[in-house]
Every structure is written in structure tokens, then in C-alpha cells.
Amino acid sequence: MTSILWFKRDLRLDDHPALDRVISFDEPILCLYIVEPDLWQQPDASFRQYRFLEESLGDLRQSLQQRGAELVMRTGDAVAVLDELVGRHGCMRLVSHEETGNGWTYARDKRVAEWARGRGLPWIEVPQCGVVRRIVGRNGWQSARDDFMTQPPAHPPVRIKTMATASDPLPKAADLGLSPDGICLTQRGGRAAGVERLSSFLQHRGQHYRRAMSSPLEGAEACSRLSPHLAFGTLSVREAVQATRDHQSKGRKGGWSGALKSFQARLAWRDHFIQKLEDQPEIEHHCLHPAYEGLRPLEPDAARLKAWEGGETGLPFVDACMRSLRATGWLNFRMRAMVMSVASYHLWLDWRATGQHLARMFTDYEPGIHWSQVQMQSGTTGMNTIRIYNPVKQGLDQDPTGTFTRRWLPELAQVPDRFLQEPWKWEGAGKLLGRSYPEPIVDVQSAARAARDAVWAVRKSDGFHPVAKRIVQKHASRKAPRRRAARGPSRPRHADQMSFDF
DNA sequence: AGTGCAGTTGACTTT
DNA sequence: TAAAGTCAACTGCAC
């Protein structure tokens with residue numbers, strides 16, 4: 001008798017609670033990965049993500065082989081694949097991790113659950129991160145996550161006894177309808193690359209994390225770059241949390257303590273946001289606060305959408321970010337917030353269309369984080385005050401030397417530094433704008449003002465606040481109340497603790 | 001030397 | 001991890 005271990009977004013053997021569980025049954029394991037063509041047809045799926053998956057699966061297969069084990073790969077509908085395998089091999093149970101994915105994987109999992117019930121086959125799903133399934137409200141969430149992160153991870157045994165069966169070759173991206181999407185500077189997938197990113201971050205790259213993470217140039221090295229590994233599960237969040245904790249306990253100096261604390265906070269926020277999608281999968285498709293539904297045209301202005309996607313808005317810093325994203329599959333947090341903000345406010349584009357483009361462009365696309373952030377930066381949550389980024393100011397603040405902007409906008413080579421973020425103010429703009437580089441698609445000031453007024457009008461409308469209050473009840477992060485010092489002034493809180501409201 | 005004043009800075013508020 | 005506006009305190013300078 002065998003159990004099926006269904007690998008999903010958990011492409012590793014270390015700290016793999018589902019593997020640990022299935023091993024406890026002491027039966028041969030059918031290690032399965034299902035390539036689902038329909039999943040890769042979804043509007044949030046892309047070539048670059050599939051490429052990362054290919055590399056990660058190759059690594060996983062090798063790790064299994066080193067333990068005398070086989071990875072069975074099948075291409076097709078999950079229920080059909082599982083049904084065929086169970087029929088042929090008489091499997092006893094299905095074991096996997098809980099997945100908090102997009103609406104498509106949620107629906108697929110419901111079909112799998114229904115199929116398993118019908119066959120009388122137990123499907124054991126276990127958590128692999130701090131997200132808590134079927135939690136009511138957010139009370140106790142933080143301590144549940146802390147407990148999970150404190151548990152010692154299981155290490156895979158030296159030998160894993162698997163059951164081999166016919167395996168499909170991994171489809172080529174083109175076979176799934178995925179064509180190259182402009183990625184040219186890839187981040188390598190697979191467990192080995194993930195482990196390397198983690199250790200190099202903790203050894204040296206992360207030292208100036210706090211200062212450098214918002215810079216589009218320095219951030220590429222100073223940020224951990226673990227995001228695609230966490231998204232595909234080549235590393236577990238717990239591994240990252242515990243490795244960071246180990247370094248924190250060494251009490252390193254030289255800015256490290258701030259960096260590591262800050263990084264831990266982000267790892268926690270990661271689970272916090274994924275929990276939102278777990279609790280309310282509709283946030284992928286509907287405004288969290290319904291009063292914002294219909295505020296922007298649901299069918300976005302095609303020319304504006306195309307200009308934004310292609311890095312041709314005429315706003316240099318936005319264009320540099322969008323072109324860099326297309327080429328690398330990554331942007332730092334602040335730049336993601338800015339490009340989304342510009343799309344939603346200045347360009348007045350509905351978040352669903354722009355969010356799908358960004359989802360495809362992000363190699364590290366993680367639905368829970370993504371749609372929470374997309375709605376936050378579009379002001380449709382009703383929970384926090386709207387944040388309209390000024391792309392000119394961001395360019396001046398985050399790219400003061402202009403190096404990043406110039407790297408991605410070679411056509412601005414002739415523009416003097418002081419006009420780089422606002423080339424339309426340069427007296428020589430005439431020979432540039434409308435020829436090699438577009439005129440700004442909107443006026444930054446007036447577009448921002450119009451958007452702000454429109455959003456505030458919704459906030460002031462009848463019935464807005466009672467609904468907003470209910471949303472806060474459901475979603476707001478609850479921190480343990482700070483114990484008040486017996487006397488003396490309270491320490492000022494660091495921004496880390498104040499940010500990310502929703 | 002003290003006063004007036006334009007310009008700057010920073011804390012705080014509003015949108 | 002917003003930005004703009006407001007206001008009071010401060011600064012440097014002319015007289």
C-alpha cells in the first residue's frame with residue numbers, strides 16, 4: 001500500500017511537514033508533481049514563473065534521487081491524474097500541504113476534496129507556514145504563527161522509499177502556451193539557489209538591508225531575494241525565520257540587528273497577507289470595500305494600460321521600473337507600490353487588469369501578498385488612508401544619481417541630470433519628446449489631485465464607514481498590547497511596527 | 001547690539 | 001514604506 005505525496009508549491013525535502021507526515025505511515029511513497037495545463041493558461045501565470053518551476057523541479061528530482069527516490073511527474077487535470085494513479089496502485093491516502101493560492105487552485109482543491117470524499121480516500125493537508133486555515137478573526141493568530149515558527153523542522157531521511165510509476169516528461173513552456181515574456185536576467189530557481197540566497201543574505205548581503213532596500217539599484221543585492229523561493233517552496237518560511245533568528249542570537253553589531261529585525265518583520269507580514277486571501281479569497285476579484293466597485297472603469301483605457309505595461313508612460317522613473325521588472329522579474333517593495341499607485345491613481349486604471357500584468361511579471365507571484373498589496377496601493381480596502389506616490393519625487397529620492405533611470409531609459413542619455421525625472425521641463429525636450437521618448441501620458445499633479453478627490457468622495461459617502469469598520473474587525477493586524485513601562489517616556493516605535501496597516 | 005524679515009526646517013494635520 | 005499643507009520656531013542677514 002502507498003500514500004501519494006502531492007508536491008505543490010513546496011518543492012523541497014527539508015522542513016517539509018507533508019513529507020514528514022507521509023513518512024510516519026512507513027509505506028512506500030508516490031512522490032507526485034502534477035503540471036496542470038489549465039493553471040498555466042490563467043491570466044496570472046507566465047513564462048518566467050514556469051521557468052523557475054522547471055529549475056526547481058529539476059533540483060527536487062535530484063534531491064529525491066540522492067535518497068534513492070523517484071519523482072513522478074504527470075501532466076493533466078489533477079483529479080484525472082489522481083484518479084488514474086489511485087485506481088492503478090490502490091493508494092491509501094493523499095498527503096499535501098495546505099495551499100492558499102488563487103481562485104483557480106482553490107476551485108481545483110475543492111474538486112480534489114470532493115473526488116477524495118467520493119472515493120473514500122483521506123486527504124491529509126498540513127500547513128507549511130504561519131497561515132491558519134479556518135481561523136475566526138485575528139485573535140490568537142500571531143501566537144499561532146509564533147508557535148509554528150518555533151517548532152523544529154524535520155529533516156528528510158537519508159533513504160526515502162518511493163513507488164515509481166510512469167512519469168510524463170516535463171512539458172516545454174511553449175507546449176503550455178507560454179511564450180517568452182521579456183525576461184532576460186533571471187533569478188535561478190531550485191533549492192540550492194534558495195539556500196545560497198539565504199546564507200549570503202545573512203552572511204553579508206543583508207547588512208544594509210534597512211537603508212538599501214528601497215533603492216532600486218542597491219535593493220537587488222541588499223534585499224534577500226528569497227521571494228520566489230518562498231513562493232515555490234524551495235525554501236520554507238520557517239527555515240528563513242529560524243536561520244535569521246540564529247544570526248540574531250549571535251548579537252551581531254554594525255547595523256545587523258536592525259536589518260534582521262526588519263527582515264523578520266517582513267517574513268511575518270508575508271504570512272499576515274497570505275492569511276487575508278485564505279480568509280477571503282474574493283479579494284482577488286472584488287474590492288475589499290464594495291463602495292469602490294465601479295469607481296474606475298472596469299474596462300481599462302487600452303492605450304494607457306499598454307503604455308504603463310511597456311514602460312512608455314513618459315514618466316521616467318515609472319518607465320524604468322516597468323522595463324526593469326519585465327527584464328528581471330523583480331522589483332523592490334517600494335517600487336512595486338509606486339508603479340501600482342501610478343496605475344491606479346494617476347492613470348485611473350482598474351486594479352484587476354494592472355494587477356494581472358504585475359502578477360505575470362513577478363517571478364515571485366504569491367497570490368495572497370499580491371492581491372492584498374494591489375488593493376492597498378489602489379485604495380480599495382477602505383482600511384487605510386490612500387497613499388498616492390509621486391513618481392517624480394520617488395525618482396529623485398530613490399535614484400538620486402539617476403543611474404537606475406538611465407540604465408533602463410537609454411533614450412534619455414542627452415537629458416541633463418536635473419531634468420532626468422521631468423524631461424518635459426528641459427529646454428531641449430523638443431527634439432526628444434514625442435520622438436524617441438513619449439510626452440508624459442498625464443500631468444502628475446493634476447492627475448493625482450483628481451484621483452484623490454474621487455477616492456475621498458467615496459470615503460465621505462453614506463454608509464462607507466460602517467462597512468469599513470466591519471472590514472477592520474475582520475482583517476486588521478492585532479498586535480499584543482504593548483506593556484506600558486512603569487514610568488518614564490515610552491520609546492518611539494520604529495516604522496517597521498507601524499507600517500503595512502491593512 | 002537689537003530688530004525686522006524672508007527663507008528654511010521640522011512637527012503635525014489634512015486629504 | 002504618501003504627499004501636500006499648515007504653522008511655529010529657527011536662521012542668517014540687512015539695517
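Each chain gets a letter, A, B and so on, in the order the sequences are listed, and its residues count up from 1.
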**Student:** Any idea which of B:dT15, C:dA4, C:dA2 is nearest the A:Arg387 side chain?
**Tutor:**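 So the nucleotide nearest the side chain must be C:dA2.
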**Student:** Can you tell me how far C1' of B:dT14 sits from CZ of A:Arg452, to the nearest Å?
**Tutor:**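 In whole Å, B:dT14 C1' lies 9 Å from A:Arg452 CZ.
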**Student:** Tell me: CD of A:Gln377 to P of C:dA3, nearest whole Å?
**Tutor:**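 These atoms are roughly 11 Å apart.
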**Student:** Can you tell me the distance, in whole Å, between the CZ atom of A:Phe317 and the P atom of C:dA3?
**Tutor:**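 Taking CZ of A:Phe317 and P of C:dA3, I get 11 Å after rounding.
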**Student:** Between A:Tyr389 and A:His346, is the ring centroid distance below 6.0 Å?
**Tutor:**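 No, they do not, as the ring centres are separated by 6.0 Å or more.
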**Student:** What about the rings of A:Tyr365 and A:Phe232, do their centers lie closer together than 6.0 Å?
**Tutor:**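 So the answer is no for these two rings.
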**Student:** When the distance from CD of A:Gln373 to P of C:dA2 is rounded to whole Å, what number comes out?
**Tutor:**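 One finds 12 Å between P of C:dA2 and CD of A:Gln373, rounded.
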**Student:** Specify the separation, in whole Å, of atom CG of A:Asn390 and atom P of C:dA2.
**Tutor:**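 For the pair A:Asn390 CG and C:dA2 P, the rounded distance is 13 Å.
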**Student:** Under 6.0 Å between ring centres, would you say that holds for A:His285 and A:Trp371?
**Tutor:**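 So the answer is no for these two rings.
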**Student:** Choosing from C:dA3, B:dT15, C:dA4, which nucleotide comes nearest the side chain of A:Tyr389?
**Tutor:**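 It is C:dA3.
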**Student:** Atom CD1 of A:Ile388 and atom P of C:dA4: how far apart are they, to the nearest Å?
**Tutor:**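 Rounding to the nearest Å, CD1 of A:Ile388 and P of C:dA4 are 10 Å apart.
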**Student:** Does A:Gln394 have a side-chain nitrogen or oxygen under 4.0 Å from the phosphate oxygens OP1 or OP2 of C:dA3?
**Tutor:**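 Answer yes for this pair, as a side-chain N or O of A:Gln394 is under 4.0 Å from OP1 or OP2.
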**Student:** Tell me: CD1 of A:Ile386 to P of C:dA3, nearest whole Å?
**Tutor:**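 Rounding to the nearest Å, CD1 of A:Ile386 and P of C:dA3 are 12 Å apart.
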**Student:** By nearest atom, which of the nucleotides B:dT15, C:dA4, C:dA3 is closest to the A:Thr385 side chain?
**Tutor:**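 Nearest to the side-chain atoms of A:Thr385, counting from C-beta on, is B:dT15.
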**Student:** Could you tell me the separation between the NE2 atom of A:His346 and the C1' atom of C:dA2, rounded to a whole number of Å?
**Tutor:**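 From A:His346 NE2 to C:dA2 C1': 10 Å.
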**Student:** If you apply the rule ring-ring contact (aromatic ring centres under 6.0 Å, His included), what do you find for A:Trp330 with A:Phe362, and how did you get there?
**Tutor:** CA-CA 6 Å; A:Trp330 186 81; A:Phe362 294 154; 9.6 Å; no
